[in-house]
S.K.: 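First the structure, which I've put down as structure tokens, then a few questions once you've had a look.
Every number for a ligand or one of its atoms is a count from 1 in the order of the listing.
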Amino acid sequence: MSQTPKVFVVLPTYNESENIGRIVPALLDLAISNLHVLVVDDNSPDGTGQFAEDLAVQSEYRGRVNVLHRPAKQGLGPAYIQGFKHALALGADLVIQMDADLSHQPKYIPQLLDRVQDCDIVIGSRYAPGGSVDDSWGPARKLLSWWANRVYTPTILGIPIKDATGGFRVYRRDCLIGIDLNRIKANGYVFMVELIYVAQRLGYKISEIPIHFPDRQHGASKMSTAVAAEAALRVWQILFRHRGLKREERRRAPYAVES
Ligand SMILES: Nc1nc2c(ncn2[C@@H]2O[C@H](COP(=O)(O)OP(=O)(O)OP(=O)(O)O)[C@@H](O)[C@H]2O)c(=O)[nH]1
Ligand SMILES: [Mg+2]
């Protein structure tokens, strides 16, 4: 890796017009040189894609904001995969995955980047010691989320990860190539679990740092009980799909360049 790694933050958006103008400046104002943002918008009806384009041409951000426009809402997984491949094609050494709704707070990025010097993936973790979720969550919601992440998912998959559904992460370039993103089939939120399970099977070193996870202040969540229940069932599918993977099956060739 060069002296100053090229860092790309991939932000998937669907109707985040109230957040995009907050998060992009917050990221670019971090004192991190060579940090770029890639917005992956699924043709948001609220105009998020155009707001992102407006930011991209603002003189203070020019050259540091890229926007990928996808034709329609096609799910978080495919948006991230296209975004990751695009960031790699643009020369990213490190790729940060985060939501655009400010539940993933930019202030943790220096810690993520610091930790990734010793491993392949770092997860900003709600369930590592010292991590926490929004105070407004009731006891039932807290318990369910804790159980899903600390008990259900790691037990089924046999992985020692405390926040496998957490979507605030940094990956090294070689690791995103080695995983072979074409293996990842999940569309929705279980994408996080599939990707981390494949990484674990392939022997990548994964670490977690504690974060506080506040609820979004603006815009609407795309999460629902039905989506969460489907994700829980799909953990089994992920197990059967990838449990035979071995370290030798790491991909070596970079991806073909796509837009
Ligand atoms: N491009 C794209 N982005 C999406 C899609 N679905 C969700 N997103 C984005 O993914 C991120 C996470 O979505 P949220 O609705 O906040 O879901 P969540 O964070 O799991 O749920 P909450 O905790 O309720 O906010 C946000 O930046 C969304 O705009 C999609 O189909 N395509
Ligand atoms: Mg959210």
S.K.: Which atom, counting only N, O or S, brings Asp101 closest to the Mg ion (ligand 2)?
M.R.: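 Going through the N, O and S atoms of Asp101 one by one, OD2 ends up nearest to the Mg ion (ligand 2).
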S.K.: Check whether NZ of the Lys or CZ of the Arg Arg70 lies under 6.0 Å from the centre of the six-membered ring of Tyr14 and within 45 degrees of that ring's axis.
M.R.: no
S.K.: State whether the number of non-hydrogen atoms from other residues, nucleotides or ligands found under 6.0 Å of Gln58 atom CD is greater than 12.
M.R.: yes
S.K.: Report yes if the distance between the aromatic ring centroids of His86 and Phe8 is under 6.0 Å, otherwise no.
M.R.: no
S.K.: Answer yes or no: is there a donor N or O on one side and an acceptor on the other, between the side chain of Arg172 and the main chain of Leu94, under 3.5 Å?
M.R.: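 A pair under 3.5 Å: no.
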S.K.: How far is atom 9 (C) of ligand 1 from the closest protein heavy atom, and which atom is that?
M.R.: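 Of every protein heavy atom, Pro12 O, 3.5 Å lies nearest to atom 9 (C) of ligand 1.
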S.K.: Below 6.0 angstrom between ring centroids: does that apply to Tyr255 and Phe84?
M.R.: no
S.K.: Going by distance only, is there an N or O of Ala220 that falls short of 3.5 Å from an N or O of ligand 1?
M.R.: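 Among all N and O atoms of Ala220, none is under 3.5 Å from an N or O of ligand 1.
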S.K.: Tell me, please, if Asp215 has any N/O/S atom, main chain or side chain, under 2.8 Å from the Mg ion (ligand 2)?
M.R.: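 No, outside the cut-off.
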S.K.: Considering the heavy atoms of Arg216, write down every atom of ligand 1 situated less than 4.0 Å from one of them.
M.R.: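 Counting from 1, the qualifying ligand atoms are 14 (P), 15 (O), 16 (O), 25 (O).
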S.K.: For ligand 1, which is the ligand I care about here, please tell me if Asp41 has any N or O atom under 3.5 Å from one of the ligand's N or O atoms.
M.R.: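 In this structure, Asp41 places no N or O atom under 3.5 Å from an N or O of ligand 1.
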S.K.: Tell me which part of Ala79 gets within contact of ligand 1: side chain, backbone, both or neither, using heavy atoms under 4.0 Å.
M.R.: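 Looking at Ala79 and ligand 1, just side chain atoms fall under 4.0 Å.
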S.K.: Heavy-atom distance to atom 19 (O) of ligand 1: which of Thr13, Asp99, Thr165, Val133 wins?
M.R.: Asp99
S.K.: Specify side chain, backbone, both or neither for Val40, according to which of its non-hydrogen atoms lie closer than 4.0 Å to ligand 1.
M.R.: backbone
S.K.: Around atom 15 (O) of ligand 1, find the nearest protein heavy atom and jot down its residue, atom name and distance.
M.R.: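 For this ligand atom, the closest protein heavy atom is Lys222 N, 2.7 Å.
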S.K.: Would you check whether Ser103 reaches within less than 4.0 Å of ligand 1, judged by its heavy atoms?
M.R.: no
S.K.: Under 4.0 Å from a heavy atom of Glu16: give me the atoms of ligand 1 that qualify, with their elements.
M.R.: 26 (C), 27 (O), 28 (C), 29 (O)
S.K.: Would you please test Lys73 and Asn15 for side-chain hydrogen bond (donor to acceptor under 3.5 Å, both in side chains) and show each step?
M.R.: CA-CA 10 Å; Lys73 187 168 182 349; Asn15 286 347; over 6 Å; no
